[in-house]
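Down below is the structure, laid out as structure tokens.
The first residue in the sequence is number 1, and the count goes up from there. Remember, predicted model here, so these are calculated numbers, not experimental data. All heavy atoms count here, side chains included; hydrogens, waters and symmetry mates do not.
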Amino acid sequence: MSDFLPPSPPAGAPGGDAAGDVLTAAVEQARAAAVETAGDAGLVGEHLGAGREPELAGDGAAVLGEAVTHTFASALPGYVGWHWAVTVARVPGSGEVTVDEVVLLPGEQALLAPAWVPWHERLRPGDLSVGDVLPATEDDPRLVPAYTAADDAADDPEGAVAAVELALGRERVMSREGRIEAVERWSAGEFGPRAPMARQAPGPCGTCGFWLPLAGSLRGRLGACGNAYSPADGRVVAVDYGCGAHSQATLVVRDDTEVVTSARYDTSDFDVLTD
């Protein structure tokens with residue numbers, strides 16, 4: 001925004017500028033424009049000053065116009081510290097003042113909205129609901145290009161067969177960084193080795209018959225639980241997680257105690273019966 005101008009001397013006085021005087025004096029015209037934009041005269045406050053804008057010059061260095069910006073305090077709710085800026089202009093040689101633009105601008109003490117954050121940085125786990133579409137970005141570090149039928153390598157029949165057998169017929173697969181993040185996230189969750197259930201388990205999932213290891217490089221770290229009675233049934237669990245439904249869990253067999261089936265009598269004392 002341009003600097004505020006001090007009050008201009010009267011036209012014809014020493015140092016006076018007739019063009020600047022006309023534009024600087026158009027306070028009410030500028031206020032009317034601000035009120036029209038605001039929709040309510042009560043939202044436009046006191047006149048704060050006027051600032052001279054740089055003169056517009058054409059290709060031949062001829063001055064095309066002169067402009068002055070008037071500022072008014074804003075009473076718009078929620079816009080503390082903002083002000084209305086109304087720019088008025090005048091063509092050289094003409095006495096007509098026209099309104100160029102009306103904008104609401106923040107001041108040094110203005111309340112501003114938080115900086116814009118891209119949607120993929122605002123998104124949190126669990127935000128996706130039914131019907132939502134979450135497209136992956138091209139530069140997602142969790143994904144890397146893979147072998148697909150559209151690749152140049154698809155011209156190799158043997159390579160194409162190998163790709164199908166290895167389940168590589170996808171355009172992109174998880175990168176090493178993406179796999180590491182997944183392992184860390186899942187291992188730190190409720191089905192990781194530090195979960196209360198795992199600390200009380202009779203054995204880790206890696207030794208359980210219901211353990212279904214993942215394929216690929218994560219085979220030795222993660223798998224799925226296939227025990228319907230486990231709290232982790234159908235979930236991805238760490239190899240060192242565990243629960244009480246371990247396939248090798250057994251009850252501790254106690255030594256059998258002697259079972260006495262014959263009657264026993266106490267002969268250490270007796271009662272004397274008399275008629």
Side-chain angles (χ1 to χ4, degrees), residues 1-6 23-24 26-56 67-89 98-146 170-192 194-195 222 235-236 238:
M1 195 182 84
S2 58
D3 297 331
F4 291 144
L5 288 176
L23 295 176
T24 304
V27 176
E28 293 307 318
Q29 184 175 353
R31 178 185 294 276
V35 170
E36 181 181 0
T37 301
D40 186 347
L43 300 179
V44 181
E46 62 177 331
H47 185 248
L48 301 178
R52 182 80 53 81
E53 299 291 346
E55 295 181 348
L56 301 178
V68 169
T69 298
H70 292 267
T71 57
F72 301 88
S74 172
L76 193 65
Y79 287 81
V80 178
W82 290 61
H83 57 264
W84 297 99
V86 182
T87 301
V88 293
T98 59
V99 176
D100 185 45
E101 64 177 352
V102 181
V103 293
L104 189 62
L105 298 177
E108 294 182 357
Q109 304 299 324
L111 296 178
L112 301 176
W116 166 254
V117 179
W119 64 267
H120 61 275
E121 296 180 16
R122 300 195 310 270
L123 197 65
R124 293 293 179 267
D127 288 349
L128 195 67
S129 59
V130 178
D132 292 341
V133 177
L134 178 60
T137 59
E138 292 295 331
D139 57 349
D140 193 332
R142 301 171 302 170
L143 298 171
V144 292
R170 292 172 289 168
E171 184 175 348
R172 291 194 290 179
V173 295
M174 289 190 72
S175 64
R176 182 175 182 273
E177 180 179 349
R179 294 194 300 272
I180 291 176
E181 289 182 1
V183 171
E184 293 177 348
R185 185 171 63 253
W186 292 338
S187 296
E190 59 178 317
F191 300 114
R194 293 184 293 276
L222 299 168
R235 305 293 188 89
V236 174

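- Two residues are said to be in side-chain contact when any heavy atoms from C-beta on lie closer than 4.5 Å; Ser74 and Val80 fail this criterion.
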Take Glu181 and Trp186 through the side chain to side chain contact (heavy atoms under 4.5 Å, CB included) test and state the conclusion after the steps. CA-CA 9 Å; Glu181 289 182 1; Trp186 292 338; over 6 Å; no
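- Looking at Arg179, its side chain does come within 3.5 Å of a backbone N or O of Met174 through a donor-acceptor pair.
- Nearest heavy atom pair, residue Val86 against residue Ala33, reads CG1-CB, 4.1 Å.
- Atom CD of residue Glu53 and atom CG of residue Leu23 lie 10.5 Å apart, to the nearest 0.5 angstrom.
- Results of the side-chain contact (heavy atoms from CB on, under 4.5 Å) test with Trp84 over Val35, Val102, Thr71 single out Val102 as the only residue that passes.
- With contacts defined as side-chain heavy-atom distances shorter than 4.5 Å, the pair His70/Val88 qualifies.
- Minimum heavy-atom separation, Ala38 to Val44: CB-CG2, 4.1 Å.
- In this structure, the side chains of Arg122 and Trp116 come closer than 4.5 Å at one or more pairs of heavy atoms.
- Residues Ala50 and Val68 approach most closely at CB-CG1, 3.7 Å, considering heavy atoms.
- The nearest pair of heavy atoms linking Leu104 to Tyr79 is CD2-CD2, 3.7 Å.
- In this structure, the side chains of Arg172 and Val144 stay at 4.5 Å or more apart for every pair of heavy atoms.
- Counting all heavy atoms, side chain and backbone alike, Ala238 lies closest to Gly192 at CB-CA, 4.2 Å.
- Nearest heavy-atom pair across Pro141 and Ser175 is O-OG, 2.5 Å.
- Looking only at side-chain heavy atoms (C-beta outward), Pro106 and Leu112 come within less than 4.5 Å of each other.
- Within the structure, the side chain to side chain donor-acceptor pair (under 3.5 Å) test picks out no pair touching residues 26-43 (sequence neighbours left out).
- To the nearest 0.5 angstrom, Ile180 atom CD1 is 12.5 Å from Arg185 atom CZ.
- For Thr87, the side chain to side chain donor-acceptor pair (under 3.5 Å) partners two or more places apart in sequence, or in a different chain, are Thr69.
- Side-chain contact check for Phe72 versus Val27: some heavy-atom pair is nearer than 4.5 Å.
- By the 4.5 Å heavy-atom criterion applied to side chains, Leu143 and Val173 are not counted as neighbours.
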